[in-house]
Structure formats: C-alpha cells, structure tokens
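Proteins get letters first, then strands, A, B, ... in listed order; numbering begins at 1 in each.
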Amino acid sequence: MGYEPYLLQLLNGLSIAAILILIGFGMGIIFGLMNVVNLAHGEFFMLGAYVAWVVSRAVDSFWPGFLAAPIIVGLLGMALERLFIRRFYATPLVTLLLTWGLSICIRQLVRLTIGPEWRNVVNPLPGCLNLFGILYPTYRVFIVLLAMVVMILIGYLMLRTGFGLRCRAVIQNRQMASALGINIHQIDLLAFALGAGLAGLAGAVMSPLITIHPDMGLAFLADSFIVVIVGGVGRIMGVVAGGLILGAAQAIISFSINPVWSRILFLLIAALVIRVRPQGLLGTLRREG
Amino acid sequence: MNLDVLASSMRRLTKASVRAGRLGRIPIVAMVILVLAVVFPLLGSRFQVGLMMKFFIFAIFSLSLDVMWGYSGILSFGHAGFFGLGAYAMGLVLMHLTSPGATYLGAIAAIAVPTLVAVFMSYILFYGRVSGMYFGVITLIVSLVLQQMAISFIGLTGGLNGLYPIPPLDIYIPGLVDFGITGETSLYYFMLVCLAAIFLFCRKVMSTSFGRLIKAIEGNETRTEYFGYNLANSKIAIFSLSAALAGLAGGLYAGAMGFVSPDLLGLNMTTEVIVWVAVGGRGTLSGAILGALLVNIIALFLSGKMVTVWYLIMGLFLLGVVLSRPKGIMGYLA
C-alpha cells in the first residue's frame with residue numbers, strides 16, 4: 001500500500017479543518033472581543049448562502065454572490081449590533097436570549113419571503129485536481145486555499161494594524177482599554193460587522209457543497225462554537241488550532257459513517273477541553289468581570 | 001352540575017377571604033382556575049378535553065424550566081432535549097415491555113435518563129468553571145445532537161416517523177388495580193393530578209433551605225460561594241432536578257399521546273417553553289403553568305398553516321421580553 005490513502009485522509013482532514021476555521025473565525029472574533037455568544041451566528045451563515053444562491057441565479061455566475069455575501073451580511077450584522085446587541089454587553093446572559101430571538105426571527109422571515117424549499121448552488125469549480133497522484137475535487141482545494149488567505153488576512157489585521165491593536169486591547173481588558181481612550185463602541189461595531197461578514201463569507205463558500213434551507217445555520221452555530229471553545233476564547237488564532245484538531249479528529253473516524261457520530265465526537269472533545277483546559281488550547285485564563 | 005350555585009359560592013368565598021385580608025388576588029385567581037379545571041371535562045368537547053390534557057403536560061414541562069431559570073437564573077437552551085429524552089425512554093419501555101407495571105419502569109426511565117445526561121453535562125460545565133454563556137450554548141448543542149440521534153438511529157427510535165403506537169399508561173397495583181389510562185377524560189384528570197402534585201412538590205422544594213440557596217445563587221454567585229456553599233454542586237442539583245421533571249413530563253406525553261417524534265427534542269420546543277415561562281413570569285411556578293396554558297390556547301386560534309408566522313411571533317416575543325423586561329402575568333397580578 002502506497003502513501004495515497006494517508007494523503008487522501010490528510011487532504012480530507014485539511015478540507016474539513018478549512019471549513020471549520022472559516023465558520024469559526026466570525027464566532028471567535030465576536031465571542032472573544034465582546035464576550036457575547038451570538039446565537040444568530042448560524043443565521044448569518046445561512047444568509048450568506050442565500051445571498052450566493054440569489055445572486056448566482058440572477059447573474060448566472062457564482063463569484064459575484066461570493067463577493068457580495070460577506071458585505072451584505074456584514075452590514076446586516078452592523079445594523080443588528082447598533083439596534084439590539086449594543087444595549088446588553090453588560091448582561092451576557094440576556095444577549096443569549098436576545099440573539100436567540102433574532103435567530104428565530106431571521107429564520108422565519110427567510111422562510112416567509114424566500115420559502116422553505118431546499119435550494120442548491122451549482123459548483124463553480126467542478127472537476128478534480130491531480131495532487132501527487134490523487135484526484136481531489138477542485139472546489140475543496142479552493143476552500144483550503146481560501147481559508148489560508150482569510151487566516152493570513154485576519155492575522156495581519158489583528159497583529160499588524162492599529163485596529164487589531166485596539167481590538168486586542170479590548171479583549172485583554174475592556175475597562176482599561178476604554179480608560180486609555182479607545183472608542184470601544186466603535187471597536188465593538190466593527191468587530192461585530194467583521195464577525196458577521198466572515199459568517200456570511202463562510203455561508204457563501206459552503207453553498208455549493210450543501211443544501212440551502214432556512215434551518216441550515218443551527219448545525220454551523222454548533223460547530224463554530226465548539227471550534228472556538230476548543231481553540232480558546234479570546235485568541236483569534238485559537239480558531240485555527242481548534243479547526244485543525246477537530247478536522248483531524250473527524251478525518252480519523254472517516255467520512256463513511258453517520259455524520260451524527262462526528263457531532264458526538266466534537267461534543268466529547270469539547271467536554272474534554274472544558275474539563276481539562278477550560279481556557280482552550282491556546283487561551284490564557286481571563287478573569288470574568 | 002349547578003354552575004350558578006358554584007359561581008355564587010365562589011364569589012362569597014373570595015369576598016370573605018379578601019375581607020379577611022389573608023388572601024391577595026393570586027390565590028383567588030388560582031382557585032377559580034382550579035375549579036374551572038375540575039369542571040372543564042363536563043363543559044368541553046372530547047377534542048377540547050384532549051387538547052387541555054396535552055397543555056397540562058406542557059405546563060409540567062414549563063414548571064421544570066421555571067425551577068431552574070426562574071430561581072437560579074440558569075437558562076438552558078436545550079430543555080426540550082430532556083423532555084424528548086424522557087418521552088423516548090417512556091415510549092421504548094412501554095413498547096418493548098408488555099408486563100403490567102411497565103408504566104412504573106417507564107416513568108423511572110423517563111426520569112433517570114435525562115437526569116444522568118444532565119448530571120454528566122453539568123458536572124463538566126460547572127466544575128470547568130466556564131462562564132454561564134457556555135452553559136446556554138452547550139445545552140443547545142446537546143439538544144441538537146440528541147435530535148439528530150433520534151432522527152438517524154432509526155433502528156431504535158424509528159427515525160423521522162418516531163415511535164408509534166405506544167401503549168397507554170397503566171396504573172397497576174398487584175391484586176387490586178389494573179387501570180389503563182385511556183380516553184380523554186381519565187387522561188385529563190390523571191394529568192391534572194400530576195400537574196398539581198408536581199406543582200406542590202416544586203413549591204415545597206423551593207421553600208426548603210435548598211430553594212433559598214438556589215435563589216441566593218441568582219442573587220449573587222460570588223457571595224454565596226464565600227458563605228461556604230459549593231456552587232457547582234448546587235447548580236448540578238438544580239439542573240438535574242429540572243431535567244428530571246422535564247423528562248417526567250416527556251414520559252407522560254409519550255404515554256398520553258401514544259406517539260413520539262424527533263420534533264419533541266427540537267429547538268422550537270425549547271423556544272416555546274422559554275416563552276411560556278417568560279409570559280407567565282419566571283420564578284413564580286404558578287406563572288409557568290399559567291403561561292403554558294395561555295400561550296397554547298392562543299396558539300390554537302392560529303390555524304396550522306400559520307406555523308411559520310407563529311414561530312416568528314415567538315421570536316419577536318423573545319425580543320420583546322429582553323427589550324422591555326416585563327415580569328409576566330404573575331408580575332401584574334402580584
């Protein structure tokens with residue numbers, strides 16, 4: 001037996017990890033920065049997929065929708081932050097209830113306006129690439145590359161720009177950052193928009209691979225949350241570690257079996273992390289204000 | 001049944017008690033509702049009695065959330081998971097065990113299975129000392145996974161079709177009674193008694209020192225801990241109690257309705273129970289019952305085709321609860 005089966009598993013693991021990383025980033029930024037779990041995060045993902053579907057039907061090409069999804073969903077996130085979420089940063093548990101209400105409303109509005117039917121987006125990159133003797137779907141290779149690009153861009157944004165510096169200051173200590181003259185309201189707004197936009201991007205990217213329907217976001221809410229807590233809340237790059245570990249775990253137990261088992265596996269890994277290392281793989285313990 | 005006599009005697013009784021100053025408005029409302037509940041099968045059609053019986057089960061479910069959310073402030077976003085676990089446990093026991101007394105075993109399973117899951121979950125979460133947010137989201141994820149399991153482990157759960165037909169509940173005392181609870185009226189009274197018993201049980205628990213400890217946790221966690229109480233254990237206890245009651249409600253549902261489907265574990269069900277408690281006013285127990293009955297009766301007036309709109313209303317209602325922070329019906333009565 002040659003190296004091919006191992007390479008195939010490696011590629012499978014990488015492609016799952018890339019998807020998990022893409023969906024985890026938005027959650028990681030919002031949760032890490034504002035200490036808010038956005039239960040409507042899956043709906044941002046779902047809206048991204050719907051934008052891709054609507055645009056690809058209108059202009060007969062996938063790529064305009066792919067570019068439009070993060071912008072549209074990001075703007076929506078901005079509006080929701082301004083209207084609702086801003087008012088409840090002091091009471092995180094209330095934001096759970098609030099974002100759950102938003103999540104239901106978005107889902108039902110989509111169901112009422114676009115309809116509950118299952119939709120599909122045509123794969124824009126059909127066919128396979130020959131990677132070291134293995135034929136692998138081109139689109140999955142594209143997702144891996146895209147995840148790397150997003151990773152680098154976010155790394156640059158967070159570690160090399162003034163915005164990133166202020167973000168990290170707010171993550172470390174909100175009150176102190178505010179006292180030092182950082183406009184935390186502005187940071188919150190931009191970060192929430194960024195997180196929502198990334199969820200929208202992930203939805204658009206995933207749209208050719210999955211069935212699009214109003215309830216699709218819930219599973220991705222679950223996955224993105226687990227990625228973030230495994231990687232470590234408050235560490236943006238923790239998402240990468242979380243995504244890689246969960247991707248590897250899922251590749252090891254392989255695709256063929258029931259997808260429910262992979263969710264159970266994710267939950268067990270999350271349970272283990274919470275019990276053994278509650279700050280996550282890369283996280284440092286923060287004092288809860 | 002002479003309703004006029006009943007009504008006038010109720011009036012005299014309430015007047016007397018108000019004069020005596022011992023009763024506020026709440027006990028009067030409660031008494032009126034109790035009397036109405038007892039005479040309802042004489043007035044309503046069989047269909048209505050059956051519906052009301054179902055709402056009583058929902059009220060028990062609503063109570064189970066209220067003992068946790070209302071008193072300790074811990075909110076589970078996957079409470080339907082425990083309801084559904086109880087329902088499947090009872091359904092499976094009743095379907096596979098035909099000997100008399102299966103109902104008792106089913107009830108034990110319906111309580112034990114969700115309780116074990118709750119103990120396991122809450123042990124990891126509360127001893128992990130992660131923030132309250134984690135709890136909300138993890139409960140949501142667990143209920144999602146439970147629903148997926150119910151859908152995909154077809155051999156055990158029947159998949160999307162669920163379990164059907166489930167034999168009825170049966171009160172069995174060897175040599176004395178073997179009474180299968182079938183028919184709307186007997187189910188109705190059985191559930192009414194269950195609801196009343198569980199309500200009194202919850203009220204008793206909440207008036208013990210344990211209940212006061214739970215309330216103290218909502219008031220100030222840190223201070224409670226500095227008084228020397230084991231915070232994690234108390235939270236595990238209240239979460240497990242809540243899961244046990246939800247499971248019992250689910251078990252009663254399975255036996256009464258005769259079928260169980262994966263919808264029972266779903267997030268819509270969780271949303272509904274949160275709304276029932278919020279409408280009634282959390283932390284009051286009777287509010288949880290009132291909310292469950294009222295919201296379900298209102299939902300009746302919206303036809304089946306308006307399900308989408310109904311859940312939209314539920315979502316808007318949650319937003320309203322958060323934005324205006326009302327105290328629910330019991331808040332107005334008090």
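Residue contact with chain A, scored on non-hydrogen atoms closer than 4.5 Å, involves the backbone and the side chain of B/Tyr134 alike. Contacts of B/Leu312 with chain A are made by both backbone and side-chain atoms, with heavy-atom separations under 4.5 Å. With a 4.5 angstrom heavy-atom cutoff, B/Val275 does not touch chain A via any of its atoms. At a 4.5 Å heavy-atom cutoff, the contact between A/Leu96 and chain B is made by backbone and side-chain atoms alike. Looking at B/Leu140, the atoms closer than 4.5 Å to chain A (heavy atoms on both sides) all sit in the side chain, from C-beta outward. Contacts between A/Leu267 and chain B at a heavy-atom distance below 4.5 Å involve the side chain alone, from C-beta outward. Looking at A/Phe84, the atoms closer than 4.5 Å to chain B (heavy atoms on both sides) all sit in the side chain, from C-beta outward. Of the atoms belonging to A/Leu102, heavy atoms from both backbone and side chain fall under 4.5 Å from chain B. Residue contact with chain A, scored on non-hydrogen atoms closer than 4.5 Å, involves the backbone and the side chain of B/Leu316 alike.
Of the listed residues (A/Ala270, A/Cys105, A/Ser103), the one with the most heavy-atom contacts under 4.5 Å to chain B is A/Cys105.
Here the CD1 atom belonging to A/Ile104 is positioned 8.5 Å from the CG atom belonging to B/Leu319, to the nearest 0.5 angstrom.
In this structure, A/Trp100 and B/Leu267 have side chains that are in contact, with non-hydrogen atoms separated by less than 4.5 Å. A/Ile264 has its side chain out of reach of B/Gln148: every pair of non-hydrogen atoms, C-beta onward, lies at least 4.5 Å apart.
Considering all non-hydrogen atoms of both residues, A/Gln108 and B/Tyr311 come closest at NE2-CB, 3.4 Å.
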